[in-house]
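First comes the structure, then the notes that go with it.
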Amino acid sequence: MIRQFELVERVRAYDRMVDEDALNRAYVFAMKAHGSQKRASGDPYFSHPIEVAGILTNYKLDGDSIVTALLHDTIEDTDTTRDDIAEQFGEEIAQLVEGVTKLTQIELQSDHTSQAENFRKLVLAMSEDIRVLLVKLADRLHNMRTLIHIRDADKRRAIALETMEIYAPLAERIGMHELQNELEDLSFAELNPDARESILARLDFLREQGGDIVDRIIDELKATLQTSKLRAEVIGREKKPYSIWRKSRRKNISFEQLADIIGFRIVVDTVEDCYRALGIIHSTYPVVPGRFKDYLSTPKPNGYQSLHTGVIGPHQQRIEVQIRTRDMHEIADFGVAAHWRYKLGGDRTAGRQYRWMRELLEILEHAATPEDFLEHTKLEMFPDQVFVFSPKGDVIALPVGATPVDFAYAVHSEVGDTCVGTRINGKIMPLRTELGNGDQVEIITSAAQTPSPLWENFVVTGKARASIRRFVRMKQQEEYTSLGRAILERTFDKEGYELSDKALGEVLTVFALDTPDALCAEVGAGHLTARQVFEAVFPGARAEGDEDNIVSLSQVRDKLKPDGAGSVPIKGLIPGMAVHFAVCCHALPGDRIVGIVTKGRGVNIHTIDCGILEEFVDTPERWLDVSWEEEVAQGAGHVGRIEVVMTNEPGTLGELSMIIGRNGGNISNLKITHRSTDFFEMSIDVEVRDLKHLTNIIAALRAAPVVNSVERARG
């Protein structure tokens, strides 16, 4: 355990202006506060905050961060209050300690919602002062180092999994690769110990086989650079077991095929020397194609800069070489901590300068629940990235697999919402095209465009997905509100009353809702019935039957379309709109139909003989008595599904298409469900006007010699 004077000297070694009195008082204060408390290992609890503070001194953090580390568990685990901290050490320290404490209070509960809420608070706290994150990462690192002392295997696994999924990616995002690597490796040891032991055994074998090969490669690289009179330091560093395992899994290659188990770093004085060293290495050794990356001209979002290349190097060894300046080398290991010197003139709000931090805050604003936020943020923290350019030459880093829609949302939420097309390297391309390194992307926008729910199927960034879901959620809410209000108007009118927002406002507290529109939306979504609302407004009113919940779809069609145009059925509605046609029965004008109010979707339209209706026999309040409008029957574009069995002969499919076409039908989808030597079995979706039109097409098909049988599909 680090003693008091040793801790002070560690900080003084890099910050001569540190407030030694504050450090000494914090050390003593925390020791007294934790008293006789013990850790799972049996060590005094006070050893933990001291070790956390010691970890932060390795990153040369300011005195306030060290004091916060010493005090970070006092509010949570002792009788100390926030006011006590503020009185003894000032408001700034109190805010930092409180920020770390809030995260710890609900950490590692079994409820997934708690973990999501915990992470949401972490993002908010570190956006205000990133030192909260730095202290939290050091706290997590020491907990992982002592994880073995926790007896509950499930709890150890939960801590390791959370570390791997949240804290290690956060460390990577702020460029603290040394800390990231240790967090990952400690988690790997708990989550997959067999794989880790196998890799360690393999590394030991390679060391025995290779002997001093690493030293010999370093010596030859030094000699090569010195021959060209370039002053440089050459370092060889072995990758951690988890990094080796992850890379072999990602690239689907064996351990032996990995070229960078040992990474060689060339550290020089200037950026010009970096490119000069690269030229010397490339002119001396054969280059491995596709292995060169320039992170000097296009740094990673966490500030990482380096030149990466792969060569067949000394002694015919395939190696990876990283070339960087001394400042870049420090940042590569320590990340944001390498230039986080508050007492030496640093900016404590610099955390806001990170693009990814701003994007996390935007996701936080758009996410409906803490779970959504956690899901979208995990997407945002992908380590593998591509770098693309805007038409103005700005570089934007995106996860591998990103599309122009992800790019549009990365530029600005409004650009994403109004995106209608894209040019990639000057060529019009589909919005679902995957972007590659170096692509120049131009987004075409239109004020009339709105986000398509289909985009969610191919976007990969959390920001894009959160924005799309937010739009769909808002649109869904509008539709539920319109449908619910129409159902309520019908019920109130049936009882001789007029529906008003004032009446609904009187009963909002009964249903724990905020606005009349929210109450209407609950009815439209099927979470409440109109009778429940009516009886809340008029207590004691007697129900006259389930017909109070019945409303014709024709009565709400104008509410479903803002401009009043069109009628139910409505084509082209996004998922979540209040009216849907059930795919189990494919209702057509002419069929007897019924509407079912379905939780989370609005109204589903079924044919009266649909088998799925048996599931709703016990809930008559969800049934709506609906019928087709006359003008709907005269329209076109309704889809009927038929099942056809026909002979397997040349030309039969063409003949089937001709019969359907001659009878005014249009095939919108065709799927061969079974094929044998003699017969095809297929499912065909046909656009028709109504039930009579489909019946005529079925009759014409049955008369064709090539058709063995044809029936209307019922499921």
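The first residue of the sequence shown is numbered 1, and numbering continues consecutively from there.
- In this structure, CE on M164 lies 9.0 Å from CG on N192, to the nearest 0.5 angstrom.
- Heavy-atom minimum distance, N425 versus D439: ND2-OD1, 3.1 Å.
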Show every donor-acceptor pair shorter than 3.5 Å between a side-chain atom in residues 193-200 and any protein atom, with sequence neighbours excluded, or say none if there are none.
from	atom 1	to	atom 2	distance (Å)
R196	NE	D185	OD1	3.4
R196	NE	D185	OD2	3.4
R196	NH2	D185	OD2	2.9

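- For H308, the ring pair (Phe, Tyr, Trp, His ring centres under 6.0 Å) partners at least two apart in sequence or on another chain are Y295, Y304.
- Between S413 and S467 the shortest heavy-atom distance is OG-OG, 4.4 Å.
- The nearest pair of heavy atoms linking A277 to L230 is CB-CD2, 3.6 Å.
- Side chain to side chain, D73 and Y45 meet the donor-acceptor criterion of an N or O pair below 3.5 Å.
- Proximity of a side-chain donor or acceptor of D406 to a complementary backbone N or O of V459 within less than 3.5 Å is not detected.
- Between the side chains of D43 and S41, a donor-acceptor pair is found at a separation under 3.5 Å.
- A side-chain donor-acceptor contact under 3.5 Å links D15 to the backbone of M17.
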### Task
Go through E442 and Q440 one step at a time and tell me if the side-chain hydrogen bond (donor to acceptor under 3.5 Å, both in side chains) criterion holds.
CA-CA 7 Å; E442 178 185 355; Q440 185 182 65; over 6 Å; no
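- When the side chain to side chain donor-acceptor pair (under 3.5 Å) test is applied to D273, the partners found at least two apart in sequence or on another chain are T270.
- Applying the side chain to side chain contact (heavy atoms under 4.5 Å, CB included) rule to E182 yields the partners L141, R145, L186; only residues at least two apart in sequence or on another chain are considered.
- Between R157 and D154 there is no salt bridge, since no side-chain N of the basic residue sits under 4.0 Å from a carboxylate O of the acidic one.
- The environment of R423 atom CZ is sparse: at most 12 non-hydrogen atoms of other residues, nucleotides or ligands sit within 6.0 angstrom.
- V288 is linked by a side chain to side chain contact (heavy atoms under 4.5 Å, CB included) to R291, I312, R318, counting only residues two or more places apart in sequence or in another chain.
- For N24, the side chain to side chain donor-acceptor pair (under 3.5 Å) criterion is met by Q4, not counting sequence neighbours.
- Under the 30°/60° scheme for interplanar angles, the aromatic rings of W245 and F188 are found to be tilted.
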### Message
Applying salt bridge (Lys or Arg N to Asp or Glu O under 4.0 Å) to D219 and K222, what does each step give before you reach the verdict?
### Response
CA-CA 5 Å; D219 290 340; K222 284 182 178 178; 5.1 Å; no
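- Listed here is the closest heavy atom pair of A26 and L70: CB-CD1, 3.8 Å.
- For the salt bridge (charged side-chain N to carboxylate O under 4.0 Å, His left out) test, residues two or more places apart in sequence or in another chain that qualify with R231 are D269.
- For the 3.5 Å distance criterion, the side chains of T146 and R39 qualify, holding a donor opposite an acceptor.
- With hydrogens and angles left out, the side-chain atoms of Q180 and E178 include no donor and acceptor closer than 3.5 Å.
- Listed by chain and residue number, L147, I150, A153, E190 satisfy the side chain to side chain contact (heavy atoms under 4.5 Å, CB included) test with R156 (two or more places apart in sequence, or in another chain).
- To the nearest 0.5 Å, atoms CD (E220) and OG1 (T284) are separated by 9.0 Å.
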### Task
Evaluate the criterion ring pair (Phe, Tyr, Trp, His ring centres under 6.0 Å) for residue pair F5 and Y27; output intermediate values, then yes/no.
CA-CA 10 Å; F5 78 91; Y27 194 103; 9.9 Å; no
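- Between V460 and P399, the shortest heavy-atom distance links the atoms CG2-CB, 4.2 Å.
- R131 has a carboxylate O that lies under 4.0 Å from a charged side-chain N of E92, or vice versa, which qualifies the two as a salt bridge.
- In this structure, V388 and F407 have side chains that are in contact, with non-hydrogen atoms separated by less than 4.5 Å.
- Taking the side chain to side chain donor-acceptor pair (under 3.5 Å) definition, one finds that D215 meets it with nothing, sequence neighbours left out.
- Partners of E233 by side chain to side chain contact (heavy atoms under 4.5 Å, CB included), not counting sequence neighbours, listed by chain and number: I235, V267, R326.
- Shown here are the ring pair (Phe, Tyr, Trp, His ring centres under 6.0 Å) partners of Y285, two or more places apart in sequence or in another chain: there are none.
- No side-chain donor-acceptor contact under 3.5 Å links N143 and Y167.
- With sequence neighbours excluded, the residues forming a side chain to side chain donor-acceptor pair (under 3.5 Å) with R3 are E6, listed by chain and number.
- Contact between R140 and I159 at its shortest, heavy atoms only, is NH1-O, 3.5 Å.
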